[in-house]
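Below is one structure, written out as structure tokens; comments come after it.
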Number of protein chains: 2
Amino acid sequence: MRNNFSLALKKLNLKITPKRLAILEILMKESVFLGPEEIWKKLRTRFKKIGLPTVYRNLEELAEGNIISKINHPNRQLYYYLCPNQSPHHHFICLSCHKVEDINFCILKELEEEVINNIRGKVLSHILQINGLCKECFKERKNGL
Amino acid sequence: MRNNFSLALKKLNLKITPKRLAILEILMKESVFLGPEEIWKKLRTRFKKIGLPTVYRNLEELAEGNIISKINHPNRQLYYYLCPNQSPHHHFICLSCHKVEDINFCILKELEEEVINNIRGKVLSHILQINGLCKECFKERKNGL
DNA sequence: AATTAAATAAAAATCATTTCTATTTAACAC
DNA sequence: GTGTTAAATAGAAATGATTTTTATTTAATT
Ligand SMILES: [Zn+2]
Ligand SMILES: [Zn+2]
Ligand SMILES: [Zn+2]
Ligand SMILES: [Zn+2]
């Protein structure tokens with residue numbers, strides 16, 4: 001996987017730096033979305049010198065290059081997620097525990113058809129995200145915990 | 001329509017203030033999404049005393065009450081839109097001229113089915129938005145204008 | 001080893017948004 | 001209309017996540 005990352009970074013003309021790889025490794029281990037500050041804290045256990053702006057910058061570049069995906073959180077802060085699933089799909093995020101799960105369909109085709117036929121414009125990007133409570137968090141809330 | 005607004009505000013236990021109605025009137029006239037500062041500038045032609053925090057607060061309350069809808073802009077700033085279309089649907093926004101157009105389908109049903117069957121959690125909210133160029137802006141860009 | 005452009009640390013700035021407090025106003029009862 | 005009360009507001013100030021800046025370091029290439 002480290003090799004895949006290196007390859008992906010090469011393709012984007014991003015240098016393969018230890019910190020960049022560490023950010024990807026941290027994200028890869030997680031099934032929840034993480035914010036820049038959380039990632040920074042984890043990085044600081046491995047690097048004695050690492051600035052928060054470096055984390056912000058790298059996350060932005062990686063998202064720009066579609067290696068990681070940005071989460072649309074209601075609190076409007078930045079969160080990122082590295083999805084192992086390569087096929088086009090969308091995400092369910094748990095607002096309680098931050099777990100990300102795949103929604104196994106992508107509506108891009110239908111959307112583009114609609115936009116071409118009715119709006120006669122061009123699609124540049126689309127957001128589809130479901131916010132809710134995962135199985136475990138929903139159960140807990142039902143039980144009043 | 002002013003009466004409809006008053007009724008809607010009543011239902012939300014929000015007082016019917018001139019400024020609140022003015023914000024709704026401004027948004028109703030527009031086919032583009034507007035930011036708090038743009039709305040504030042328009043309001044200042046009618047009210048000599050009006051604070052920007054009042055605009056922010058009101059927009060938030062109106063969005064919370066589903067009278068207006070929040071736009072998900074890539075620049076992550078706040079924008080709002082008052083849609084005349086009451087039926088459940090989603091929006092195409094033009095990143096160039098800020099026009100909002102309706103996408104005439106809502107995928108809430110399919111999403112909930114997927115979440116119930118596969119994720120076994122609860123849907124609290126969902127975002128579907130298409131960002132692109134409207135007919136006019138797309139034409140302009142094609143022509144290299 | 002030398003070269004060069006990209007990446008980084010650290011400090012500082014930014015600026016959209018929110019909070020705070022004293023004052024005003026809408027809604028309601030009389 | 002007058003009085004009462006809770007909500008709304010103005011204005012000033014604070015907030016804090018994110019971005020910018022600049023000098024230094026490092027990855028990649030020769
Ligand atoms: Zn995924
Ligand atoms: Zn959860
Ligand atoms: Zn347009
Ligand atoms: Zn609409």
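Per chain, numbering begins at 1; letters A, B, ... match sequence-line order.
Under the 4.5 Å side-chain heavy-atom criterion for ILVMFWY residues, a single connected hydrophobic cluster contains both A:Phe105 and B:Val123. Placement of B:Met28 and B:Ile26 within a single hydrophobic cluster is found when ILVMFWY residues are connected by side-chain heavy-atom separations under 4.5 Å, directly or transitively.
Nucleic acid contact class of B:Arg57 (heavy atoms, under 4.0 Å, all strands): base. Among the heavy atoms of the strands lying under 4.0 Å from A:Lys15 is at least one base atom, whether or not backbone atoms are also near.
Distances were taken from every side-chain heavy atom of B:Glu61 (C-beta onward) to each of D:dT20, C:dA9, D:dA8; the shortest belongs to D:dA8. Side-chain atoms of B:Arg20 lie closest to D:dA8 of the nucleotides C:dT17, D:dA8, C:dT8. Comparing atom distances between the B:Leu52 side chain and each of D:dT19, C:dT17, C:dA27 picks out C:dT17 as nearest. Candidate nucleotides D:dA8, C:dA16, D:dA17 were compared by shortest atom distance to the side chain of B:Glu37, and C:dA16 ranks first.
One finds a side-chain N or O of A:Thr17 lying less than 4.0 angstrom from the OP1 or OP2 phosphate oxygen of C:dT8. Not one side-chain nitrogen or oxygen of B:Tyr56 sits closer than 4.0 Å to the OP1 or OP2 atom of C:dT18. For the pair B:Asn58 and D:dT9, the criterion of a side-chain N or O lying under 4.0 Å from OP1 or OP2 is met. Here A:Thr54 reaches the OP1 or OP2 of C:dA9: one of its side-chain N or O atoms lies under 4.0 Å away.
Per the geometry, CZ belonging to B:Arg76 stands 6 Å off P belonging to D:dT19, to the nearest Å. As rounded to whole Å, 14 Å separates atom C1' of D:dT25 from atom CZ of A:Phe47. Separating the OH atom of B:Tyr79 from the P atom of C:dT17 is a distance of 8 Å, rounded to the nearest angstrom.
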Candidate pair A:Val100 and A:Tyr79, rule side-chain contact (heavy atoms from CB on, under 4.5 Å), full reasoning
CA-CA 11 Å; A:Val100 180; A:Tyr79 296 99; over 6 Å; no
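Both B:Gln77 and A:Val55 lie near DNA chain C, and the one whose nearest nucleotide falls closer to the 5' end is A:Val55. Positionally, the nearest nucleotide of DNA chain D for B:Pro53 lies more toward the 5' end than for the other of B:Pro53 and A:Glu60. Each of A:Asn13 and A:Lys48 was assigned the nucleotide of DNA chain C with the nearest heavy atom; the assignment lying further toward the 5' end belongs to A:Asn13.
Checked against the 6.0 Å centroid criterion, the rings of B:His91 and B:Phe33 do not qualify as a close aromatic pair.
Checked for salt-bridge contact, B:Lys135 and B:Glu101 miss the test: no charged N lies under 4.0 Å from a carboxylate O.
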